[in-house]
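Naming: A, B, ... by sequence-line order, numbering from 1 per chain. Predicted, not measured: the structure shown is a model, and the values here were computed from it.
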2 protein chains.
Amino acid sequence: MIMNRLPDKTVERLSQYRRTLNNQLAKGKTHIFSHEIANLLHITPVQVRRDIMLIGYSGTLRKGYDIKEMIELIGTIIDTDQGVKIAVIGMGNLGKAFIHYMYEKQTKLKIVAAFDINPDKIDKTYEDVYCYHLDRLEEIIKELGIGIAIIATPPEVASPLADRLKEAGIRGILNYTPRPLSPREGVYLEEHDMITSLEKVAYFVKA
Amino acid sequence: MIMNRLPDKTVERLSQYRRTLNNQLAKGKTHIFSHEIANLLHITPVQVRRDIMLIGYSGTLRKGYDIKEMIELIGTIIDTDQGVKIAVIGMGNLGKAFIHYMYEKQTKLKIVAAFDINPDKIDKTYEDVYCYHLDRLEEIIKELGIGIAIIATPPEVASPLADRLKEAGIRGILNYTPRPLSPREGVYLEEHDMITSLEKVAYFVKA
DNA sequence: ATTTGCCTGTTAATAGAATAACAAGGCAAT
DNA sequence: ATTGCCTTGTTATTCTATTAACAGGCAAAT
Ligand SMILES: NC(=O)c1ccc[n+]([C@@H]2O[C@H](COP(=O)([O-])OP(=O)(O)OC[C@H]3O[C@@H](n4cnc5c(N)ncnc54)[C@H](O)[C@@H]3O)[C@@H](O)[C@H]2O)c1
Ligand SMILES: NC(=O)c1ccc[n+]([C@@H]2O[C@H](COP(=O)([O-])OP(=O)(O)OC[C@H]3O[C@@H](n4cnc5c(N)ncnc54)[C@H](O)[C@@H]3O)[C@@H](O)[C@H]2O)c1
């Protein structure tokens with residue numbers, strides 16, 4: 001199947017569709033209509049159908065979409081076959097929350113290592129994830145074949161860290177530090193900051 | 001100043017501009033050019049100028065923008081005078097990370113209460129934030145005048161919780177649960193899920 | 001057998017956001 | 001004073017995303 005680069009937002013929704021579909025499958029459903037998916041995710045049915053069109057899938061006319069097929073198809077699009085290995089840098093509250101969150105999730109994404117500089121955290125295992133000293137960053141990334149890094153360190157170190165990560169061969173960074181990172185050639189970057197979200201909510205609440 | 005509803009994305013950036021401007025002010029700068037702001041945030045100068053235009057501010061021609069003035073103006077737009085009070089529901093790793101993050105930040109946004117159902121967490125203070133039993137949710141929201149809630153509980157309880165929050169008079173919800181909430185009349189909703197972000201990164205890394 | 005109703009798939013229209021283009025102002029150097 | 005160079009402010013264009021519109025098809029009801 002020839003697939004042009006999908007729109008950003010469609011990719012985000014595919015991830016959500018899959019999660020929802022998995023839930024429905026677990027409940028014993030085998031087929032689902034676009035408006036059912038839409039209701040579960042609180043978006044419009046048209047948008048669901050449009051996204052499905054973009055990935056080249058087709059439902060059957062009066063039965064809707066085959067849940068299992070669709071889950072698998074989404075898998076071939078957003079997963080890689082071998083799965084993606086992830087590292088968390090900074091084992092504070094936030095880093096731990098992420099590891100806890102990903103623990104025992106059935107996705108192809110797997111947090112396989114954590115890094116810190118605080119001796120209290122190093123060489124300990126938190127929910128199956130081993131924490132290494134930051135000095136070993138490049139070594140472990142190579143050894144385990146880690147592709148994506150989540151930055152959850154204090155803001156000051158985010159930028160130099162991103163440089164090291166790029167050099168070490170990391171292909172994608174998820175930055176939770178409030179310090180925005182400059183895009184680096186060949187490294188996909190995604191950022192999120194709570195204060196920005198909160199101030200946005202506050203603004204629209206005020207109006 | 002008559003101000004139409006600002007675009008979503010502009011509001012997000014205003015929050016970031018202010019943070020950056022505060023940093024620069026602390027370094028002793030008094031004026032700043034659009035391209036300097038742009039570099040610090042890794043966006044384009046045009047976009048900075050356009051946003052500034054939308055809020056009706058003007059810089060001086062060869063000196064750029066007066067940092068102090070601009071910080072104040074952004075304040076009048078996204079802050080409310082009395083500040084906004086915030087509650088965190090769910091004092092797990094994530095809830096604690098948020099409280100820690102907001103602690104001692106100089107913004108008008110203030111986390112003033114936490115709620116949980118686990119006796120180990122209740123009636124304790126974490127970084128100046130007191131944790132109440134969920135039973136007292138409505139009472140405390142009214143008493144303290146809380147306007148925004150951050151949901152960091154297990155996913156199952158998110159939806160009923162949102163109903164209670166609405167009834168209690170909450171105007172904005174920031175949902176960090178992977179369960180999408182349906183919009184509720186009169187309550188501004190913002191959501192973020194790490195797995196979606198990760199899968200998005202994974203997709204674009206793969207391509 | 002025909003009609004009705006309800007889905008899908010796709011194209012067309014609209015809205016929203018980012019980028020490009022450029023006029024105008026003023027400082028600095030000459 | 002004139003020229004050249006930056007920088008702002010704003011309008012126009014392009015790009016991206018969402019929503020609307022509708023043709024096509026099948027199943028069930030009449
Ligand atoms: N985006 C958001 O919504 C959000 C929310 C909360 C916190 N934050 C940010 O996330 C970051 C982490 O927050 P937290 O609450 O977990 O903080 P924390 O202080 O609990 O954890 C930081 C961890 O990073 C470690 N660390 C320090 N320097 C390091 C280095 N050079 N390399 C590797 N590890 C290092 C520390 O030892 C500590 O374990 C902070 O930058 C904070 O501002 C963001
Ligand atoms: N969006 C993200 O990026 C992200 C990341 C990590 C975790 N999460 C989600 O955030 C939530 C919290 O994660 P965590 O790691 O802090 O989990 P956690 O288990 O550490 O914390 C959950 C807390 O909620 C409390 N709680 C349970 N039921 C409650 C109720 N009815 N009312 C109030 N409090 C209640 C528990 O006592 C506990 O303290 C989970 O839903 C998790 O899936 C989201």
Side-chain angles (χ1 to χ4, degrees), chain A residues 1-17 21 24 29-67 69-70 73 180 183 189-191 196 200 203-204 207, chain B residues 1-17 21 29-67 69-70 73 180 183 190-191 196 200 203-204 207:
Chain A
M1 174 207 332
I2 298 166
M3 184 89 56
N4 307 336
R5 183 192 157 99
L6 295 168
D8 242 66
K9 294 300 171 75
T10 295
V11 174
E12 278 178 28
R13 283 190 297 265
L14 286 178
S15 162
Q16 294 168 349
Y17 294 157
L21 291 173
Q24 297 302 305
K29 271 182 84 94
T30 62
H31 291 74
I32 194 164
F33 296 123
S34 62
H35 69 259
E36 295 178 292
I37 301 178
N39 283 340
L40 289 165
L41 290 172
H42 312 297
I43 57 180
T44 68
V46 204
Q47 187 149 69
V48 174
R49 292 208 298 280
R50 209 175 190 296
D51 288 334
I52 291 175
M53 188 192 89
L54 289 175
I55 63 174
Y57 182 63
S58 285
T60 53
L61 197 34
R62 295 276 302 185
K63 273 183 130 180
Y65 304 93
D66 183 303
I67 294 181
E69 274 177 29
M70 202 167 143
L73 178 58
L189 178 64
E190 181 88 9
E191 308 196 300
T196 299
K200 190 176 164 191
Y203 171 77
F204 286 109
Chain B
M1 178 204 331
I2 296 165
M3 183 89 58
N4 307 335
R5 186 189 155 99
L6 295 168
D8 241 64
K9 295 300 169 78
T10 295
V11 174
E12 279 179 30
R13 282 190 297 267
L14 286 180
S15 162
Q16 295 167 348
Y17 295 157
L21 291 173
K29 272 182 84 94
T30 61
H31 290 75
I32 195 165
F33 296 122
S34 62
H35 68 259
E36 294 179 292
I37 300 178
N39 284 341
L40 289 165
L41 290 171
H42 312 296
I43 57 180
T44 67
V46 202
Q47 187 148 72
V48 174
R49 291 205 298 277
R50 210 175 188 297
D51 288 333
I52 291 175
M53 188 191 88
L54 288 175
I55 63 174
Y57 183 63
S58 286
T60 50
L61 195 32
R62 297 272 304 182
K63 270 182 132 182
Y65 303 93
D66 183 304
I67 295 181
E69 273 178 28
M70 202 166 144
L73 178 59
E190 181 88 9
E191 308 196 298
T196 299
K200 189 176 166 193
Y203 171 79
F204 286 110

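- Comparing C:dC22, C:dG25, C:dA17 by their closest approach to the side chain of B:Asp8 singles out C:dA17.
- The distance from atom CG of B:Asp66 to atom P of D:dT7 is 18 Å, rounded to the nearest whole Å.
- Rounded to whole angstrom, the span from the OH atom of A:Tyr57 across to the P atom of C:dT10 amounts to 14 Å.
- Rounded to an integer number of Å, the gap from B:Ile43 CD1 to C:dA18 P is 9 Å.
- Following rounding to the nearest Å, A:Lys63 (NZ) and C:dC7 (C1') show an atom-to-atom distance of 14 Å.
- Of the candidate nucleotides D:dT19, C:dG9, D:dC26, D:dC26 has the atom lying nearest to any side-chain atom of A:Leu61.
- If you check every strand for non-hydrogen atoms under 4.0 Å, B:Ser58 touches sugar and phosphate atoms only.
- At whole-Å resolution of the value, CD in B:Gln47 and C1' in D:dT16 are 14 Å apart.
- Of the possible donor and acceptor atoms, one in the side chain of A:Glu36 sits under 3.5 Å from a partner among the backbone N and O of A:Phe33.
- The CZ atom of B:Arg13 sits 9 Å away from the P atom of C:dA17 (whole-angstrom rounding).
- Remark: of the listed residues B:Ile55, B:Thr10, B:Asp51, B:Asp51 is the sole one forming a side-chain contact (heavy atoms from CB on, under 4.5 Å) with B:Tyr17.
- Put simply, the side chain of A:Tyr65 never gets that close to the backbone of A:Ile52: no donor and acceptor are under 3.5 Å apart.
- The line from NE2 of B:His31 to CG of B:Asp66 is 4.5 Å long, rounded to the nearest 0.5 Å.
- Across the protein-nucleic acid pair, A:Arg49 atom CZ and D:dC22 atom P stand 15 Å apart, rounded to whole Å.
- Checking each of A:Ile32, A:Thr30, A:Ile37 against A:Ile67 for a side-chain contact (heavy atoms from CB on, under 4.5 Å) leaves exactly one that passes, namely A:Ile32.
- Nucleotides of DNA chain D nearest to B:Met53 and B:His35 differ in position, and the one nearer the 5' end is that of B:His35.
- Nearest-nucleotide assignment on DNA chain D puts the 5′-proximal partner with A:Arg50, out of A:Arg62 and A:Arg50.
- B:Ser34 comes within 4.0 angstrom of the backbone, heavy atoms only, and of no base.
- Rounded to an integer number of Å, the gap from A:Phe33 CZ to D:dC26 P is 15 Å.
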